Each structure stands twice: as structure tokens, then as C-alpha cells.
Amino acid sequence: MVTLTHQTSRTSRCNPTERETRDTEETATCRKTSDETSRCTYTLKVSEAEAAALEAGTWKVTALATAEDGDTLFVPSAATFELEH
């Protein structure tokens, strides 16, 4: 599961917990790269109006990986990216 959150230098109001990330409906597409690892990608599709309404600035990607055996790995700040208008 992947969660995208916006974070500005003034606030850290968007820091989803592992539990909140588990409850999201978004999932990444994963492909096996070896017997023990997979590579996962996630694409967020939004309309032009939705994109225009998003705040410019630094966005953070939070990830929760769940293995076939049920083990999980929560990464609160897996990546960041800049959104510009």
C-alpha cells in the first residue's frame, strides 16, 4: 500500500501511521525480481482539475509492504518529490 502526503516546511500534519496506511485502498503493482525481492510501482491518476487543486511543494511517499507470509515493512518516508504548477 502506498500513501502520498503533502508536507510543507511549516508543518508535518500529514504523517500517516502504519495502521492508517494499511487501511488505504491504493495498492502498487509488483513484479518479482528474485526469489526474495519484488519491485513495486504506483501511479496516481488524477484529473486536470484535481492536479490543479493539489498544493505545490514537497510531497512524501509512505509505503507499507506486505509479504505473502504476512510480514510487513512500514517506511514512513520512502521517497519525496516536488510538485510544481
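This structure is a prediction, so every number in the text was calculated from the model and none was measured.
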Give the table of side-chain donor-acceptor pairs shorter than 3.5 Å for residues 71-80, with sequence neighbours excluded, one pair per line with atom names and distance.
{"from": "Thr72", "atom 1": "OG1", "to": "Glu18", "atom 2": "OE2", "distance (Å)": "3.2"}

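The distance from atom NE2 of His85 to atom CD of Glu55, rounded to the nearest 0.5 Å, is 8.5 Å. Arg39 contributes atom CZ, which lies 13.0 Å from atom OG of Ser34 (distance to the nearest 0.5 angstrom).
The environment of Glu50 atom CD is dense: over 12 non-hydrogen atoms of other residues, nucleotides or ligands sit within 6.0 angstrom. Remark: Asp69 CG is packed, more than 12 non-hydrogen atoms of other residues, nucleotides or ligands lying under 6.0 Å away.
Not one N or O on the side chain of Thr37 forms a donor-acceptor pair closer than 3.5 Å with the backbone of Thr33.
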Checklist entry - Where do Asn15 and Lys60 land on the side-chain contact (heavy atoms from CB on, under 4.5 Å) test, with the steps shown first? => result CA-CA 9 Å; Asn15 289 309; Lys60 179 174 70 170; 2.5 Å; yes
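By the side chain to side chain contact (heavy atoms under 4.5 Å, CB included) test, Thr29 pairs with Thr41, sequence neighbours left out.
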